[in-house]
Amino acid sequence: MATMKLLLFVAFSLISSLAATYLNEVITDLNEVISELQSTVLKSQILVPTPFKFAVSFEKQFGVYPSTIKMNLHGDEDHALVRDLAGCFDNNAFVTLWVTEILLEAARQPLGPAPTNNQVLYALQAISSYHDNNRPMSGSILVFWPQTYNKTTGVWSGGPQNLAYLTNDYPKLAAYLQKVLDDLGLSSLWNKLEPVVEGMYAHIWGCTGSE
């Protein structure tokens, strides 16, 4: 009987030790993943604003977290390739608000790291520029995209500014895309891409690229 109790005690101790070791390894791995995610998010925040320069850089607002507008393409491999490769950086309030909210919620969890003070400060500074200029006295109302003032209508309107800059000169954009595709040996893709680009232009500017 005493031998049985001893064996059970040894077995229980061994199992407990193995379980503790495994748990420590899991927690260590989890901490490494969390640390890597924290670093990735921190590095992604825009700390060096850039202006829009055609075929050189997109306008990037200080303090925002990045998001990308993708073309709504689906179908064969050519469409999939264009969808994967093509994108337009987008400044907006939603992504920065959402990321900041998630960071603050994560910080409340046992293993959740807190964002840095500057990380939150810069995000809030960026978000504060998205108050609706058409309702200056309603401080809690935000818009999705940056706004520009229309002198003709007297109204502030919002939209994806980089996309507007990019499509402002349709012939220039079309020629540039054709050259890129030619350089990549994918000139046949332009026949599929042209209707999409022209449709995007028409949606933003209210007319076709040929008008």
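All residue numbers refer to positions in the sequence shown, counting from 1. Both backbone and side-chain heavy atoms feed into the values below; hydrogens, waters and symmetry mates do not.
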K.L.:
Do Phe89 and Ile46 have side-chain heavy atoms sitting under 4.5 Å apart?
P.N.:
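Side-chain contact under 4.5 Å: yes.
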K.L.:
For residues 146-160, which residue pairs pass the salt bridge (Lys or Arg N to Asp or Glu O under 4.0 Å) check, not counting sequence neighbours?
P.N.:
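Every pair satisfying salt bridge (Lys or Arg N to Asp or Glu O under 4.0 Å) with a residue in residues 146-160: there are none.
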K.L.:
Which residues satisfy the side chain to side chain donor-acceptor pair (under 3.5 Å) test with Tyr65, sequence neighbours excluded?
P.N.:
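Partners of Tyr65 by the side chain to side chain donor-acceptor pair (under 3.5 Å) criterion, ordered by chain and then number, come out as Gln119.
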K.L.:
Below 3.5 Å, can you tabulate the donor-acceptor pairs from side chains in residues 100-115 to any protein atom, sequence neighbours excluded?
P.N.:
from, atom 1, to, atom 2, distance (Å)
Thr100, OG1, Thr96, O, 2.7

K.L.:
Closer than 3.5 angstrom, by distance alone: can the side chain of Ser39 be matched with the main-chain N or O of Ser35 as a donor-acceptor pair?
P.N.:
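Absent.
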K.L.:
Who are the side chain to side chain donor-acceptor pair (under 3.5 Å) partners of Gln147, not counting sequence neighbours?
P.N.:
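In terms of side chain to side chain donor-acceptor pair (under 3.5 Å), with neighbours along the sequence ignored, Gln147 is linked to Asp132, Asn133.
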K.L.:
Are the side chains of Val64 and Val95 in contact, using a 4.5 Å heavy-atom criterion?
P.N.:
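SC-SC contact between Val95 and Val64 ruled out.
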K.L.:
Distance check, rounded to the nearest 0.5 Å: His131 atom NE2 versus Leu142 atom CG?
P.N.:
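Going from the NE2 atom of His131 to the CG atom of Leu142 covers 5.5 Å.
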K.L.:
Would you please name every residue forming a side-chain contact (heavy atoms from CB on, under 4.5 Å) with Asp182, sequence neighbours left out?
P.N.:
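Testing Asp182 for side-chain contact (heavy atoms from CB on, under 4.5 Å), a comparison that skips the adjacent residues, returns Ser187.
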K.L.:
Do the side chain of Ser44 and the main chain of Val41 share a donor and acceptor less than 3.5 angstrom apart?
P.N.:
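Yes; at least one donor-acceptor contact below 3.5 Å.
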K.L.:
Identify, with sequence neighbours excluded, every residue that meets side chain to side chain donor-acceptor pair (under 3.5 Å) alongside Asn117.
P.N.:
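Checked Asn117 against side chain to side chain donor-acceptor pair (under 3.5 Å); zero matches.
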K.L.:
With the side chain counted from C-beta on, respond yes when Phe144 and Asp90 share a heavy-atom pair under 4.5 Å apart, and no when they do not.
P.N.:
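Side chain of Phe144 against side chain of Asp90, heavy atoms only: contact under 4.5 Å found.
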K.L.:
Please check if Tyr170 and Leu163 belong to a single hydrophobic cluster, counting links between Ile, Leu, Val, Met, Phe, Trp and Tyr side chain heavy atoms closer than 4.5 Å.
P.N.:
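Per the 4.5 Å side-chain linkage, Tyr170 and Leu163 are co-clustered.
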K.L.:
Hey, what do you get for OG1 (Thr50) to CD (Gln61), rounding to the nearest 0.5 Å?
P.N.:
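So the gap between those two atoms works out to 11.0 Å.
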K.L.:
How would you list all residue pairs meeting salt bridge (Lys or Arg N to Asp or Glu O under 4.0 Å) that involve residues 49-59, not counting sequence neighbours?
P.N.:
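Counting only pairs at least two positions apart or across chains, no salt bridge (Lys or Arg N to Asp or Glu O under 4.0 Å) contact touches residues 49-59.
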K.L.:
Within a strict 4.5 Å, meaning less than it, do heavy atoms of the Leu37 and Val33 side chains meet?
P.N.:
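A side-chain contact under 4.5 Å exists here.
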K.L.:
For Tyr122, enumerate each residue passing the ring-ring contact (aromatic ring centres under 6.0 Å, His included) test, keeping only those at least two apart in sequence or located in another chain.
P.N.:
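So Tyr122 forms a ring-ring contact (aromatic ring centres under 6.0 Å, His included) with Phe62.
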K.L.:
Side chain to side chain donor-acceptor pair (under 3.5 Å) with Lys179: which residues, sequence neighbours excluded?
P.N.:
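Side chain to side chain donor-acceptor pair (under 3.5 Å) list for Lys179, sorted by chain: Asp183.
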K.L.:
Output the distance between atom CG (Asn162) and atom OG1 (Thr167), rounded to the nearest 0.5 Å.
P.N.:
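That separation rounds to 10.5 Å.
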K.L.:
Partners of Leu181 by side-chain contact (heavy atoms from CB on, under 4.5 Å), sequence neighbours excluded?
P.N.:
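Expected list: Leu186, Leu189, Trp190, Leu193.
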K.L.:
Among the clusters formed by ILVMFWY side chains lying less than 4.5 Å apart, do Val180 and Leu173 turn up in the same one?
P.N.:
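Per the 4.5 Å side-chain linkage, Val180 and Leu173 are co-clustered.
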K.L.:
In the structure I gave you, are the side-chain heavy atoms of Phe52 and Ser57 within less than 4.5 Å of one another anywhere?
P.N.:
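The answer is no; the side chains never approach within 4.5 Å.
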K.L.:
Nearest 0.5 Å please: distance from the CG atom of Leu47 over to the NZ atom of Lys60.
P.N.:
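One finds 11.5 Å between CG of Leu47 and NZ of Lys60.
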K.L.:
Indicate yes or no for a side-chain donor-acceptor contact from Ser129 to the backbone of Ala126 under 3.5 Å, with no hydrogens or angles considered.
P.N.:
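Pair found, side chain donor or acceptor close to backbone of Ala126.
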K.L.:
Partners of Tyr149 by ring-ring contact (aromatic ring centres under 6.0 Å, His included), sequence neighbours excluded?
P.N.:
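Partners of Tyr149 by the ring-ring contact (aromatic ring centres under 6.0 Å, His included) criterion, ordered by chain and then number, come out as Trp156.
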K.L.:
Sequence neighbours left out, what passes side-chain contact (heavy atoms from CB on, under 4.5 Å) with Thr153? Give chain and number order.
P.N.:
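Expected list: Asn150, Val155.
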K.L.:
With rounding to the nearest 0.5 angstrom, report the CD1 to CG distance, Ile69 to Asn92.
P.N.:
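Here the rounded value is 8.0 Å.
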